[in-house]
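Written out below as structure tokens is the structure these notes cover.
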Amino acid sequence: MSYRKMARRQSKHVSLCFSKSTCPPDLQPNVLGTPFMAEKELLAAKSAKFAALLEDNSKEDLSHFLRNMPADPETLELVARFYHGFQLQISTEKVVPLICVAHYLEMTENHSKNNLLGQALSFFQETILPSWNETVKAFRTTEKFLQHSLKLGLVEACMKSIITKALANPSLLGEPIKNSTKYVDDSEEEDQGYKPSARRRLFDLDFKSEDLTTLSLELYEPVIHEMNKHGVPSTFVAASLCNYTKKWVLSGSGEAVKSNYKKEILEAVERHLPHEKGLVPCTLLFEILRFANVLEVSSECRNGIEIRIGKQLDQAAVKDLLVPSQGYSKEMQYDIVCVRRILKVFYGSYTSSDISGLIAVAELIEDFLAEVASDIDLNIDTFVDLAEMSLAASLGTQRTLDGIYRAVDIYLDKHRHLTESEREEVCRVLDFQKVSPEAYEHAAKNEKLPLRVVVQVLFAGQLQLRDRILKEVQDSDDKSTKEEAEEYEAKLDFGEEEMRSEMEKMSMKVMELERECNMMRKEIDNGGSPKVRKEKTSLWREMKRKFGCVNSVHDSNCQLKKKKMHPKQGV
């Protein structure tokens, strides 16, 4: 018989061995509910384990031996084709079950050359482990044969390969979730992030990595645990955990997943989620918290989520805080107690010197109070406690407290049954000296406020009016005083300049008179002719005239001298 005819006959025989066939089989066990028919001699030629059993029990039915094989029908068909002599085509999805079956049957090289176990292991090491995508695909198949895969080290080998590649290229886990914060510089975030080389970016343009989120929790959790242990960047680990949560819990595709399994996923994600601030957006954390409340996760898991939210509460929006409570009455309730716990975490962990975060949370709580004030089951103590937390964050700032007043007004409107003393208790968080003129004007006409509070409003208005008038007067006085000072200073400058000019003129006159006196002295000391004496006399008379001692040409007596001779006339 030719080889081709033999091959066709063997192929037909193999295909019939996996269905109800009329061919006389040696073994007819059910493997995973599927009839498996095999010939003893062919199987014994490749399987050392079966050959030993056949030698010891040649006349007994050995079908029980095959019932515990770790294989599915497709894998058994590959095994049958192999021991019938056909060339084996191993795929990524089938390499793990083939290794498990070949090990179970002891299809080793010692029993037969080029046996199934050696071929499958070579394919696993040379084709699967070097590739991220192939490793993840093969790792996913270990779930069906987990015990055998663990025993053979296949799970460990896949995990080691995945972690090594994640350390070399963390972006295989997915891109980090962008979460802008006010306290981290963008340039620092970029420096801390993974930057692939230019060559890697060039060849990875069309590359799409196999997603770890396709793994079951039983496989995914130990991989993430090892990644955290070996130092894979936390930003990428957090991104993978968030994507896993979205796929299996938050998205519509996870509706078919049982609640208990979702609960296990959330608790596992919280255990392995890094604690660094800003890794996960605040909005996503609140969404996870909502599902955690519905699924009734453990208190440890819920507290861990709330702590992560509290550390970055200044990045939240009002709608994030509207977490539905598990108890409902006539109107929608929100979990106020949960918000209080988150607030305490924020104030206890806030260490920044920048008060903008405190102000942001104060405004956030004011808006939140306005949203929940209409809840008829919101008691006074809880409302006042939240308002006081907002007030504490506003101390030392110049911001108005209009938000608190708006929340109080809504609360009083929705709780008309309150007594006068209870309304006063609600209003004790109000400080009308720190509200805007618009809020003050509204409060002065607000009939919902208790009488004592209205008096406080009017008194605060009088104080504001007085302070405003005093400020205007002070500003006016300061302005007029400044103008007078500038005018006086200008006058002083002008007087000094005029005096300086007069002094210079007087100095010049004195110098001129000194020169003339010196000339006269010299003439007198030298003596001379009558002419000269006449000239001297003339010079002397001229000098006296300059000093105002001569009134006329014929008067030779000085006026000053006359005053000395007749002192009574000067009296």
Side-chain angles (χ1 to χ4, degrees), residues 316-325 327-340 343 358-472:
V318 179
K319 63 179 181 179
D320 296 331
L321 296 179
L322 303 178
V323 180
S325 176
Y328 292 91
S329 61
K330 296 180 181 179
E331 298 184 18
M332 175 68 73
Q333 288 188 358
Y334 299 105
D335 198 341
I336 309 298
V337 178
C338 172
V339 175
R340 290 173 61 186
L343 270 174
L358 294 173
I359 295 176
V361 171
E363 294 175 348
L364 178 68
I365 298 305
E366 288 179 2
D367 294 338
F368 174 71
L369 278 174
E371 289 288 339
V372 301
S374 58
D375 186 352
I376 61 174
D377 290 329
L378 179 61
N379 60 59
I380 296 175
D381 292 338
T382 303
F383 179 85
V384 171
D385 190 15
L386 288 172
E388 287 178 343
M389 286 185 176
S390 177
L391 290 172
S394 301
L395 292 177
T397 64
Q398 300 298 323
R399 59 184 299 270
T400 63
L401 302 181
D402 290 4
I404 296 292
Y405 170 72
R406 182 165 64 95
V408 168
D409 182 58
I410 296 174
Y411 188 85
L412 294 178
D413 183 61
K414 293 295 182 178
H415 298 77
R416 298 274 184 170
H417 61 278
L418 298 178
T419 63
E420 186 78 4
S421 60
E422 288 175 336
R423 286 187 292 153
E424 289 179 358
E425 178 68 15
V426 173
C427 293
R428 70 183 178 88
V429 296
L430 296 174
D431 185 354
F432 289 101
Q433 294 185 7
K434 294 184 179 180
V435 299
S436 65
E438 293 79 11
Y440 162 75
E441 183 179 355
H442 184 275
K445 303 176 183 178
N446 194 341
E447 297 179 354
K448 295 185 289 292
L449 297 177
L451 181 59
R452 183 177 298 180
V453 175
V454 174
V455 174
Q456 293 176 1
V457 173
L458 297 176
F459 180 72
Q462 292 295 327
L463 292 179
Q464 290 181 0
L465 179 61
R466 184 198 65 180
D467 294 341
R468 188 161 56 249
I469 293 174
L470 288 176
K471 185 177 180 181
E472 291 177 356

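- Pairing each heavy atom of Pro450 with each of Cys427, the nearest pair is CD-SG, 3.8 Å.
- Going from atom CG of Asp409 over to atom CG of Asp402 covers 12.0 Å, rounded to the nearest 0.5 Å.
- Taking CG from Leu322 and CD1 from Ile336, the interatomic distance works out to 8.5 Å, rounded to the nearest 0.5 Å.
- For the pair Glu371 and Val318, the tightest heavy-atom approach, listed with the atom from each and the gap, is CG-CG1, 3.8 Å.
- For Glu388, the salt bridge (Lys or Arg N to Asp or Glu O under 4.0 Å) partners are Arg428, not counting sequence neighbours.
- A donor-acceptor contact shorter than 3.5 Å links the side chain of Ser390 to the backbone of Ala362.
- No more than 12 heavy atoms of other residues, nucleotides or ligands lie within 6.0 Å of CD in Glu441, so this atom counts as exposed by the packing criterion.
- The pair Arg406-Asp367 meets the salt-bridge criterion, with a side-chain N (NZ, NE, NH1 or NH2) lying under 4.0 Å from an Asp/Glu carboxylate O.
- The distance from the CD1 atom of Ile404 to the CG atom of Leu391 is 5.0 Å, given to the nearest 0.5 Å.
- The minimum heavy-atom distance between Val429 and Val408, with the atom names listed, is CG2-CG2, 4.0 Å.
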Self-check item: Verdict with supporting geometry, Glu363 and Arg399, side-chain contact (heavy atoms from CB on, under 4.5 Å)
Solution: CA-CA 10 Å; Glu363 294 175 348; Arg399 59 184 299 270; 3.2 Å; yes
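- Under the rule for a ring-ring contact (aromatic ring centres under 6.0 Å, His included), Phe368 has no partner lying at least two apart in sequence or in another chain.
- Of all the heavy atoms in Ala407 and Leu369, the pair that sits closest is CB-CB, 3.6 Å.
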Self-check item: Verdict with reasoning, Leu430 to Gln456, per side-chain contact (heavy atoms from CB on, under 4.5 Å)
Solution: CA-CA 10 Å; Leu430 296 174; Gln456 293 176 1; over 6 Å; no
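- Note that NE2 of His415 and CG of Asn379 are 8.5 Å apart. Values are rounded to the nearest 0.5 Å.
- With sequence neighbours left out, the ring-ring contact (aromatic ring centres under 6.0 Å, His included) criterion links Phe383 to Tyr411.
- With rounding to the nearest 0.5 angstrom, the CD1 atom of Ile410 is 12.5 Å from the CG atom of Asp375.
- Defined by atom type and a distance below 3.5 Å, a donor-acceptor pair is present between the side-chain atoms of Tyr405 and Asn446.
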Quiz item: Between Val323 and Val339, does a side-chain contact (heavy atoms from CB on, under 4.5 Å) hold up when you go through it step by step?
Solution: CA-CA 8 Å; Val323 180; Val339 175; 5.6 Å; no
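- Atom CZ of Arg340 sits in a crowded spot, with more than 12 heavy atoms from other residues, nucleotides or ligands closer than 6.0 Å.
- Expressed to the nearest 0.5 Å, how far NZ of Lys319 lies from CG of Leu321 amounts to 12.0 Å.
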Exercise. Test Leu418 against Glu425 for side-chain contact (heavy atoms from CB on, under 4.5 Å), laying out the working first.
Key: CA-CA 10 Å; Leu418 298 178; Glu425 178 68 15; over 6 Å; no
